[in-house]
Amino acid sequence: MLIARRVLLGGRLRLQSRRAAHLYVGGGGQSVRPGPSLARAVAEDEHYMRLALDEARVARDLGEVPVGAVLVDDEGEVMARAHNTVETSTDPTAHAEMLCLRQASKRLESWRLLETTLFVTLEPCPMCAGALLQSRVKRVVWGAPNKQLGADGSWISILSSSETDTKHPYHLSVDVTRNVLREECSTLLVDFFRRRREQNQEKRGEE
């Protein structure tokens with residue numbers, strides 16, 4: 001796993017990555033006690049995931065499935081932020097990740113989003129995972145597992161970059177960090193769908 005820390009470079013703060021010996025959050029959500037450098041990396045990831053959660057709450061308030069995302073460059077600047085707008089835009093491709101990629105590509109005037117990290121509150125689906133590979137995003141950080149449509153191992157494995165996985169012909173590796181603020185991301189989704197079921201039951205009761 002790549003971990004990032006801020007360093008002063010030419011008078012500007014820059015995110016510097018290096019290899020970590022262990023994941024700080026395991027596949028089951030269990031935590032590993034971090035050292036000082038790893039603790040800084042965890043804090044960085046949680047900061048940006050909270051920004052993605054802010055976007056997810058906007059989606060929830062609009063009646064959309066509450067998923068949010070932010071795209072960050074290697075200097076720590078947020079290049080794009082978005083939330084699901086599938087219902088309001090009547091566009092099945094309007095997932096938070098897709099909208100972030102479109103915003104950033106327009107801003108950078110390039111479809112190659114090299115040296116960027118996408119933070120998203122839900123494990124990407126196959127459509128979004130494919131777009132992340134096509135856009136050359138370097139790292140993906142997600143919060144809650146997507147058990148029905150997750151493309152990082154929950155359903156199928158597109159983003160996974162283990163030695164046994166088939167490599168993408170152009171984008172040979174994507175660094176993936178999983179389960180960041182998992183409980184907060186999951187709770188937002190669980191609460192949303194519970195309320196939706198309750199509302200549907202109330203409507204059926206009125207008929």
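For R196 against G63, the heavy-atom pair with the smallest separation is NH2-O, 3.7 Å. Of all heavy-atom pairs spanning A56 and G68, the tightest one is CB-N, 3.5 Å. R81 approaches V70 most closely through the heavy-atom pair CB-CG1, 3.7 Å. Considering every non-hydrogen atom in both M49 and V180, the closest pair reads CG-O, 3.8 Å. Nearest heavy-atom pair, W142 versus V176, reported as atom, atom and distance to 0.1 Å: NE1-CG1, 3.7 Å. Contact detail for A151 and E123: the closest heavy-atom pair is N-OE2, 3.4 Å.
Linking ILVMFWY residues whenever their side-chain heavy atoms come closer than 4.5 Å, directly or via other members, places V72 and L181 in the same cluster. Residues M98 and L118 are members of separate hydrophobic clusters, defined by side-chain heavy-atom contacts under 4.5 angstrom among Ile, Leu, Val, Met, Phe, Trp and Tyr. Cluster membership for F192 and V190, using ILVMFWY side-chain heavy atoms within less than 4.5 angstrom, is not shared. If you chain together hydrophobic residues whose side chains sit under 4.5 Å apart, L71 and L108 fall into the same group. Cluster annotation: V78 is not connected to V58 through the hydrophobic network of ILVMFWY side chains, with a link wherever side-chain heavy atoms come within less than 4.5 Å.
Here the CD atom belonging to E46 is positioned 10.5 Å from the CG atom belonging to L53, to the nearest 0.5 angstrom. Atom CG of L113 sits about 5.0 Å away from atom OG of S135, to the nearest 0.5 Å. Note: R139 CZ to T177 OG1 = 3.5 Å, rounded to the nearest 0.5 Å. With rounding to the nearest 0.5 Å, the separation of OG1 in T117 from NZ in K138 is 7.5 Å. The line from CG of L99 to CG of D91 is 7.5 Å long, rounded to the nearest 0.5 Å. Expressed to the nearest 0.5 Å, how far CG of L122 lies from CD of E97 amounts to 7.5 Å.
In this structure L114 satisfies the side chain to side chain contact (heavy atoms under 4.5 Å, CB included) test together with R112, R136, sequence neighbours excluded.
Between E184 and T187 the shortest side-chain heavy-atom distance does not fall below 4.5 Å. Using a 4.5 Å heavy-atom cutoff, the side chains of N179 and P145 are in contact.
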Exercise for review: I would like to know whether V67 and L189 meet side chain to side chain contact (heavy atoms under 4.5 Å, CB included); could you show each step before the answer?
Suggested key: CA-CA 8 Å; V67 178; L189 287 158; 4.3 Å; yes
**Study point:** Residues R102, T93; criterion side chain to side chain contact (heavy atoms under 4.5 Å, CB included); working and verdict
**Key:** CA-CA 11 Å; R102 293 170 189 167; T93 71; 3.0 Å; yes
Exercise for review: Mind running side chain to side chain contact (heavy atoms under 4.5 Å, CB included) on L62 and H83 for me, showing each step along the way?
Suggested key: CA-CA 10 Å; L62 293 172; H83 53 269; 3.8 Å; yes
Check your understanding: Can H95 and V86 be said to form a side chain to side chain contact (heavy atoms under 4.5 Å, CB included), step by step?
Key -> CA-CA 7 Å; H95 290 193; V86 172; 3.7 Å; yes
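In terms of modelled atom types and a separation under 3.5 Å, the side chain of N84 and the main chain of P66 share no donor-acceptor contact. Judged by distance alone, with hydrogens and angles left aside, the side-chain atoms of R107 form a donor-acceptor pair with the main-chain N or O of M79 at under 3.5 Å.
Sequence neighbours left out, the pairs with a member in residues 96-128 that pass ring pair (Phe, Tyr, Trp, His ring centres under 6.0 Å) are Y48-F119.
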Acceptor/donor pairs from residues 124-132 side chains to any protein atom, 3.5 angstrom cut, sequence neighbours excluded:
none

